[in-house]
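Protein chains get the first letters and strands the later ones, always in sequence-line order, with residue 1 at the start of each.
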Amino acid sequence: MSDKDSLDNMPVNEVASDSLVARFDGEVRSDTREGYEGYIVDANMLPEVASVLRDDLGYDYLSSVTGVDYIDDNHIEVVYHADQTTGGKGINLKVQLDRENPIVPTLVPIYPGADFQEREVFDMYGVKFDGHPNLRRILMWDGFHGYPLRKDWKEAYYEEDIKPFDSRWPGGGVKRSEADNPYGKNVNYPPGFDINNWTPETDDSLYESLEKTNSNGKSLHTDSIVVNIGPQHPSTHGVFRMVVALDGETITDLQPVMGYLHRNHEKIGERNTFLQNMPYTDRLDYLCSMSNNLGYALAVEQLMGADVPERAQYIRVLMAELTRISNHMWAIGFLLNDLGAFQTPALYAIRARELILDVFEATAGSRMMCNYMRFGGLARDFPDTLRGEDTVKFITDLVDNTLPKAIDELDHFLTANEIVRSRCIGVGVLPPDKAIAYSTGGPLLRASGVSYDLRTADPYSIYDRFDFNICTRSNGDVYDRYLVRVDEMRESTRICQQVMRDIPAEGEIFSGKPQYSVKVPAGESYGRVENPKGELGYYVVSTGKANPYRYHVRAPSFVNLTVLGELCKGHKVADAVVILGSIDIVLGEVDR
Amino acid sequence: MNNELSNPDIPVPSELQSAVTITSLDKIYNWGRRSSIWPMVFGLACCAIEMICTAASRFDIARFGMEVFRATPRQADLMIVSGTVTKKMVPQIVRLFNQMPEPKYVMAMGACASGGGPFKEGYNVVSGIDKFVPVDVYVPGCPPTPQALLHGLIKLQEKIDGQSLKSVRWYGQETSEAVPVPVLGPDLFDPRQHALLAQQAGQVQENTESVEK
Ligand code: SF4
């Protein structure tokens with residue numbers, strides 16, 4: 001059964017569709033464009049429709065907010081994807097706005113998880129979200145010229161709309177874009193920019209917007225100070241910056257600042273052919289390239305209706321679950337780093353992770369950037385031998401013995417550790433209703449007691465064939481997030497064991513014939529997987545050309561950060577570091 | 001004693017060979033430096049993960065005396081630029097470079113740091129860190145494997161071996177200039193190109209004026 005069939009057979013939520021259109025007659029229409037689904041909502045009715053969606057129809061989880069610039073129709077569309085945490089297929093709403101003056105009411109009061117995503121749409125498309133509490137650029141800096149994802153905005157090295165560019169292939173050869181730029185750099189200034197009459201933007205307004213205490217009336221006078229942690233700081237897990245307002249050592253407000261690794265994934269992705277994007281997905285969450293591949297392959301396969309052979313399905317699941325183990329190993333190792341157990345637990349974790357990387361390297365050819373999945377299968381099958389051993393034997397031994405032992409070892413040394421317990425229990429507590437409202441995902445959500453995991457909530461690939469549990473905990477603190485990760489690693493090894501037991505010994509790993517450029521029918525699709533960090537979604541719009549018209553990544557790390565400020569308020573600075581570590585972010589995915 | 005160090009032209013009596021070595025000042029100075037390079041804890045992107053792996057269990061950078069990663073530039077000898085340099089980040093990188101005391105070295109790790117890499121065409125991406133600070137060693141790869149990074153470090157050691165106290169810039173007469181820190185405007189702006197930018201703007205102005213006429 002292909003992924004497409006399995007999705008089509010899912011019960012579509014009829015209640016939702018009928019009642020929405022009936023209740024908002026004329027203001028909500030079904031999206032009838034070829035290859036599209038969902039509803040088109042009048043902009044001014046959006047908050048009302050969203051409340052109904054959340055309160056009456058049970059779509060309590062807003063997973064994704066993004067924009068698309070339909071320049072030929074002269075409108076910008078804002079696309080919302082919502083889900084029920086009880087499971088099932090999602091629903092999407094669209095609002096069409098005038099390109100010249102795009103304004104739409106914000107959804108932050110209804111779904112606080114929309115906060116950063118709306119800021120991103122503002123940053124990239126210039127859509128104004130009326131009533132948004134803090135509408136400023138998020139990935140680019142304040143003062144940057146233009147809205148980069150608009151179709152008529154061209155970057156400094158712009159050549160053509162679609163790759164491969166003629167200057168490289170087939171017509172040309174090697175070329176350096178610097179040579180054509182008057183500054184010899186990747187820059188371009190708006191016409192009429194006068195450097196002599198210009199002052200740079202400062203961060204003052206950001207600092208002023210922070211909530212500070214005043215010590216009036218307190219017996220002990222304390223100063224309110226603002227501290228920048230990052231973007232170059234050993235505890236921020238990459239180039240991430242937190243602006244923290246402190247009262248003594250207690251955090252009164254925290255604003256994450258990101259974009260220091262914004263690599264224009266989506267703009268480049270819209271120039272690439274569909275297949276060329278596959279290696280780019282590796283570089284999103286660069287600790288989880290295999291499952292990033294899977295999500296993107298699913299999104300495009302939905303559009304293409306491609307079949308995936310049995311053996312390939314099993315290998316996909318194996319790779320995705322190994323990725324989960326290696327990610328959680330890393331997350332736990334570095335959480336302990338943040339706690340001050342400098343390096344030692346991380347060394348143990350990395351040792352186990354290296355063995356998983358051996359499997360990736362032997363099969364895909366690269367330790368980290370696997371570029372392994374294709375639309376309709378995989379790039380290649382297992383090699384015959386791996387580190388001098390029979391591959392099947394190596395992997396079976398890994399998932400039966402080595403990894404469970406490594407997990408037990410971490411568990412044994414860390415879980416009952418006095419310092420770990422006293423630093424983690426009760427720190428950064430996230431109640432379940434807030435976890436849902438803020439659209440958090442992955443271990444962050446499940447540690448708060450919400451049993452929501454796409455592998456069972458909206459099953460993809462062949463996850464319905466395996467026996468595994470969704471791990472939850474109830475306190476929602478740093479310690480529970482750590483425990484959920486340990487539990488999930490154990491469940492993942494169980495899935496891997498079942499894969500190695502059931503996988504057909506032989507068979508195709510790719511349907512159809514490999515080709516450079518695939519045919520993708522026009523339409524939209526939202527393919528998603530439960531990545532180790534949460535829901536990873538790809539919103540892809542095709543117009544039938546060789547490249548995606550729109551390619552958006554709903555990155556779990558990015559959305560999970562929305563709640564960071566809330567979690568840290570009232571704690572000490574040192575705890576902010578631990579809370580950030582327990583959310584487990586990767587900047588490649590946060591900034592994209 | 002260390003064979004690398006001793007000067008074969010000056011014989012040492014055999015009974016003293018285990019205790020005495022005769023060498024040149026350059027040699028012992030470089031030997032000390034090359035065996036204790038302290039890199040800065042400075043991860044930018046995906047390449048940083050491989051840098052951490054190099055420092056960790058299997059590959060063990062400590063074999064080269066380089067395991068002392070320092071979180072502050074003031075204690076670091078080597079900046080490994082491990083990942084994509086973006087416009088938003090480059091002012092900080094240049095500032096960090098300026099804060100490192102001499103002698104200092106820069107390694108561009110991976111395709112991105114060396115020349116922009118897979119994301120080169122992006123509007124927020126700098127085409128290689130050498131557009132702003134001088135680079136000593138380039139390590140190709142996306143990401144370079146730990147072995148490749150170690151090879152790059154060995155190349156850096158070779159470079160250090162070739163330096164002489166007589167000619168190194170940090171004992172010379174000239175003071176070393178700080179690299180001007182780039183500024184974020186409508187786009188990234190390099191203070192060294194101020195004149196060029198002013199001139200370009202002037203040209204645009206003239207062009208539009210002539211069109212208007
Ligand atoms: S060179 Fe490759 S692995 Fe390294 S930072 Fe760039 S994209 Fe990532």
Side-chain angles (χ1 to χ4, degrees), chain A residues 139-141 143-146 148 155-159 177-178 182-196 198 200-201 231-234 238-239 259-265 267-268 271 279-280 282-283 286-287 343 346-348 350-351 353-354 357 367-369 587-588 591, chain B residues 40-50 52-53 55-59 69 71 73 83-84 86-89 92-93 95-96 112 115-128 131 142-143 145-146 183-190 193-194 196-198 200-202 204-205 208:
Chain A
L139 296 178
M140 299 305 285
W141 60 89
F144 182 74
H145 71 107
E155 58 272 45
Y157 285 169
Y158 172 79
E159 287 190 49
S177 312
E178 288 99 319
Y183 306 97
K185 288 193 172 75
N186 184 8
V187 289
N188 109 30
Y189 302 93
F193 169 60
D194 181 5
I195 185 72
N196 293 320
W198 166 81
E201 297 262 342
Q232 146 63 10
H233 191 276
V239 280
Y260 294 97
L261 191 53
H262 179 47
R263 303 192 275 198
N264 328 123
H265 196 90
K267 186 81 174 178
I268 296 175
R271 304 232 190 280
Y280 281 84
D282 291 337
R283 289 157 179 81
Y286 31 75
L287 292 168
Q343 289 297 352
L347 291 179
Y348 278 76
I350 291 174
R351 188 182 61 179
R353 177 176 174 267
E354 286 286 337
L357 296 193
R367 286 156 52 85
M368 276 173 67
M369 305 304 175
L587 266 297
D591 294 343
Chain B
M40 183 156 62
V41 182
F42 177 54
L44 283 180
C46 353
C47 279
I49 304 293
E50 285 297 54
I52 295 169
C53 289
S57 338
R58 189 182 275 179
F59 299 97
F69 277 80
T84 316
T86 61
K87 293 179 186 172
K88 199 166 174 178
M89 189 64 195
Q92 274 80 338
I93 300 178
R95 213 178 296 155
L96 286 168
C112 286
F119 298 94
K120 176 169 177 178
E121 69 206 89
Y123 48 87
N124 190 27
V125 176
V126 173
S127 323
K131 292 270 184 296
C142 181
T145 56
V183 186
L184 296 175
D187 205 326
L188 186 73
F189 146 62
D190 185 345
Q193 288 184 328
H194 190 110
L196 179 63
L197 213 128
Q200 289 275 342
V204 172
Q205 200 109 37
T208 44

With heavy-atom distances below 4.5 Å as the criterion, would you say the side chains of B:Val125 and A:Tyr157 are in contact?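 Counting from C-beta outward, B:Val125 and A:Tyr157 never come under 4.5 Å.
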Out of A:Arg263, A:Arg367, A:Met369, which one racks up the most heavy-atom pairs below 4.5 Å with chain B?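 Heavy-atom pairs under 4.5 Å are most numerous for A:Arg263.
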If we only count heavy atoms from C-beta on, is the A:Gln232 to B:Gln92 side-chain gap below 4.5 Å? no
Out of A:Pro231, A:Pro190, A:Ala156, A:Gly146, return the one with the most heavy atom pairs under 4.5 angstrom to chain B.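 Max contact count across the listed options: A:Pro231.
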Side-chain touch B:Ser57/A:Glu354, heavy atoms, less than 4.5 angstrom: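 B:Ser57 does not reach A:Glu354 side chain to side chain.
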Leading residue by heavy atom contact count with chain B [cutoff under 4.5 Å; candidates A:Pro279, A:Pro182, A:Ala346]: A:Pro182
Any sub-3.5 Å donor-acceptor pair from A:Asn186's side-chain atoms to B:Gly122's backbone N or O? yes
Report the option among A:Ser177, A:Gly184, A:Gly259 that has the most heavy-atom pairs separated by less than 4.5 Å from atoms of chain B.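 Of the candidates given, the most pairs with chain B belong to A:Gly259.
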Is the closest side-chain heavy-atom distance between A:His145 and B:Asp187 below 4.5 Å? yes
In terms of the angle between their ring planes, are A:His265 and B:Phe119 parallel, tilted or perpendicular, with boundaries placed at 30° and 60°? tilted
Would B:Lys87 and A:Lys185 count as a side-chain contact (heavy atoms from CB on, under 4.5 Å) if you check the C-alpha gap in whole Å, the side-chain angles of each, and the deciding distance to 0.1 Å? CA-CA 11 Å; B:Lys87 293 179 186 172; A:Lys185 288 193 172 75; over 6 Å; no
Identify which of A:Lys267, A:His262, A:Glu155, A:Arg351 forms the greatest number of heavy-atom pairs closer than 4.5 Å to chain B.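 Heavy-atom pairs under 4.5 Å are most numerous for A:His262.
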Look at B:Glu121 together with A:Arg271 and state whether they make a salt bridge at an N to O cut-off of under 4.0 Å.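 No salt bridge links B:Glu121 with A:Arg271.
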